[in-house]
Amino acid sequence: MASALAAKIGLNSLKRRQAKNFSVRICTMESDMEFSCEVKWKGKDLFDLVCRALGLRETWFFGLQYNVKDTVAWLKMEKRVLDQEVPKEEPITLHFLAKFYPENAEEELVQDITQHLYFLQVKKKILEEEIHCPPEASVLLASYAVHAKYGEYDPIVHKPGFLAQEELLPKRVINLYQMTAEMWEERITACYAEHRGRTRDEAEMEYLKIAQDLDMYGVNYFPIRNKKGTDLLLGVDALGLHIYEPDNRLTPKCSFPWNEIRNISYSDKEFTIKPLDKKTNVFKFNSSRLRVNKLILQLCIGNHDLFMRRRRVDSLEVQQMKAQAREERARKQVERQRLQREKQLREEAERARDELERRLIQLQDEAHMANEALLRSEQTADLLAEKAQIAEEEAKLLAQKAAEAETEMQRIKVTAIRGQEERRLMEQKMLEAEMLALKMAEESERRAKEAEQLKLDLQEARESERRAKHKLLEITSKAVYTSPGLPPDSLDSDLSFSRENLSFDFKDTDMKRLSMEIEKEKVEYMEKSKHLQEQLNELKTEIESLKLKERETPLDIIHNQNTEQGTSKHKNIRFQSHICSSKSKFIKL
């Protein structure tokens, strides 16, 4: 049966070679692409086609990976595609992935597409726990991943629950704490809100700057045995070769930086690492499979070449790419400043419009209150006029009574002449009549004064009515005018901004200034790193009380021990690399 299967595979391979073209499916971190390739194409022809389709120029970091039995392999550039051990079924499936990792992502990655592909690949490895990440760093990385996807935080748009369907944390971290999904989202959102003012590209770079300090970042592990037959792990990364124990992938037992390795060779299944210092013992180990040996050698050669390349002067192509990237960043910064200024002007105009609307409502309220005051004044004036009329009628009635009393007094005087007795009586009656007339006169005078006072009150009420009408006219006339400093048609027409007032002259002085700002940002990087470490410690303190100790994995325990002891393989390796770089610069000088 095995021979029949081999014959079938050989027949399919023969048919494919006889055909003129074959199809290939390329799987990237974002989407899949399918190409029609010629039979004679080599691996480089297909790789260049994919890079052109992606617009990628930093090709030295990437490769095309495929699965072979229980391991992986990378497509060789110098051999024909069909002559390699690629999958036999069509379309042939290959994965476009980062093969080598940079030492410093911020300094080495130039293109935005390169940075984005690295961001997606590293995020996938962290979520799938291929790279161990402590809980506090996982929360911070998740906040930058959210910023890279959703842009700047907006509390109106990003309401609680907007991350419910997102996979942001490794399952190991979620199971390690007694925290609900809402509690995790709250902490991630709190960190997300602190990233204001950053673009999506900047958020991706911040993600990579944090991830590149993780112990398992960029390390390819392979099972090996030393001369004594002890099982070990070989780690290959951008800084050198590292030897690990099988149950501890965080802390290497020993390391060989690339600048301290004189030669790497293998014969059949035995590898030999010869240090630069001839007094140091040669390290030998065995690997059980030939394919794995070839893969180890490929990764060693590629990482060593990039290690040496970083310590030489950049090629003309890289210099041009970096110059273009600087110009593009400067252009984006100017554009961002322009957009920010437009946004600020728009917000100021909206605030002015809101202020005008508020002022209009206030004037309308004042006009309404003035109308009510005028109505009350009119009612008061009508009431006072009615009272004045009643008082005037009462005064006329009292005057009439006084006249009648005077007539009665004259009549009594004439009648008093008739007799002494009658005269005495008449005098008495006359005296009484005079007294009554006097009282009537006083009452009439009092009523007349009261009527006069009511007339004055009526005049004053009419004057108040006239002033209220005048104030109402003033308030009504103010409502039709706009506030000072804005044209009259600003309330009726939409707010617009002239691009002529927002143009910039991009001169050499601006480029120098922007370059100085970029250098200043590099100087501030150490301070930001310190702030980042403080932020990680703060996050760790917040969630430490909810941690379940019994769910910690061996890697979590090792990471905690390393953190307490302050040990990290990157510190030692980068220190040695820094000494080597300084030596090379001294030699050049």
Legend entry - Within 6.0 angstrom of Glu328 CD, more than 12 heavy atoms from elsewhere: yes
Inset, instruction - Start with the C-alpha gap between Arg310 and Asp305, add the side-chain angles, then the distance that decides, and say whether salt bridge (Lys or Arg N to Asp or Glu O under 4.0 Å) holds. - result: CA-CA 9 Å; Arg310 294 183 193 104; Asp305 290 344; over 6 Å; no
Legend entry - Asp201-His116 side chain donor-acceptor pair, cut-off 3.5 Å: no
Legend entry - Tyr192 and Glu185 side chains, donor-acceptor separation under 3.5 Å: no
Inset, instruction - Say whether His132 and Asp215, considering side chains only, have a donor N or O and an acceptor N or O under 3.5 Å apart. - result: no
Legend entry - Backbone of Glu186 reached by a side-chain donor or acceptor of Thr189 within 3.5 Å: no
Legend entry - Candidates Tyr66, Trp74, Phe62 - the one meeting ring-ring contact (aromatic ring centres under 6.0 Å, His included) with Phe96: Phe62
Legend entry - Atom pair CG (Leu54) and CD1 (Ile26), whose distance is rounded to the nearest 0.5 Å: 9.5 Å
Legend entry - Lys124 and Glu128: CA distance, side-chain angles, deciding distance, salt bridge (Lys or Arg N to Asp or Glu O under 4.0 Å) verdict: CA-CA 6 Å; Lys124 183 174 182 292; Glu128 293 178 354; 3.0 Å; yes
Inset, instruction - In plain terms, say whether Glu85 and Arg291 are close enough for a salt bridge, that is, a side-chain N and a carboxylate O under 4.0 Å apart. - result: yes
Legend entry - Closest heavy-atom pair and its distance - Leu140, Ser143: O-OG, 2.5 Å
Legend entry - Validation row: His158, Tyr150 side chains within 4.5 angstrom (heavy atoms): yes
Inset, instruction - Flag yes if more than 12 heavy atoms outside Arg262 fall under 6.0 Å of its CZ atom; otherwise flag no. - result: yes
Inset, instruction - Mark yes when over 12 heavy atoms from residues, nucleotides or ligands other than Gln165 sit less than 6.0 Å from its CD; otherwise mark no. - result: no
Legend entry - Ile224 and Asn286, any side-chain heavy atoms less than 4.5 Å apart: no
Inset, instruction - Say whether, by atom type as modelled, one donor and one acceptor occur between the side chain of Asp314 and the main chain of Val318 under 3.5 angstrom. - result: no
Legend entry - Worked verdict on Asp83 versus Lys42 for salt bridge (Lys or Arg N to Asp or Glu O under 4.0 Å): CA-CA 9 Å; Asp83 291 341; Lys42 295 182 179 181; over 6 Å; no
Legend entry - Arg57 side chain to Gln324 side chain, donor-acceptor N/O pair below 3.5 angstrom: yes
Inset, instruction - Can you see which heavy atom on Val122 is nearest to which on Ala211, and at what distance? - result: CG1-CB, 3.7 Å
Inset, instruction - Ignoring hydrogens and angles, tell me if any N or O in the side chain of Gln65 forms a donor-acceptor pair with the backbone of Val72 under 3.5 Å. - result: no
Legend entry - Under 3.5 Å donor-acceptor, Glu108 side chain and Glu103 backbone: yes
Inset, instruction - For residues Val282 and Pro275, report the shortest heavy-atom separation together with the two atoms involved. - result: CA-CD, 4.2 Å
Inset, instruction - Taking all heavy atoms of Val173 and all of Ser138, pick out the closest pair and write down the distance. - result: CG2-OG, 3.7 Å
Inset, instruction - Taking atom CD of Glu335 as the centre, report whether more than 12 heavy atoms of other residues, nucleotides or ligands fall under 6.0 Å from it. - result: yes
Legend entry - Asp556 side chain to Thr553 backbone, donor-acceptor under 3.5 Å: yes
Inset, instruction - Could you pull out the closest heavy-atom pair between Tyr266 and Leu297, with the gap in Å? - result: CE2-CD2, 3.5 Å
Inset, instruction - Please report the shortest heavy-atom distance between Leu250 and Asn562, naming the atom on each side. - result: CB-ND2, 4.1 Å
Inset, instruction - Pick out which of Tyr118, Tyr144, Phe119 makes a ring-ring contact (aromatic ring centres under 6.0 Å, His included) with Tyr207. - result: Phe119
Inset, instruction - Using modelled atom types only, decide if a donor and an acceptor are shared between the side chain of Glu202 and the backbone of Thr199 within a distance under 3.5 Å. - result: yes
Legend entry - Heavy atoms of other groups near Lys99 NZ, more than 12 under 6.0 Å: yes
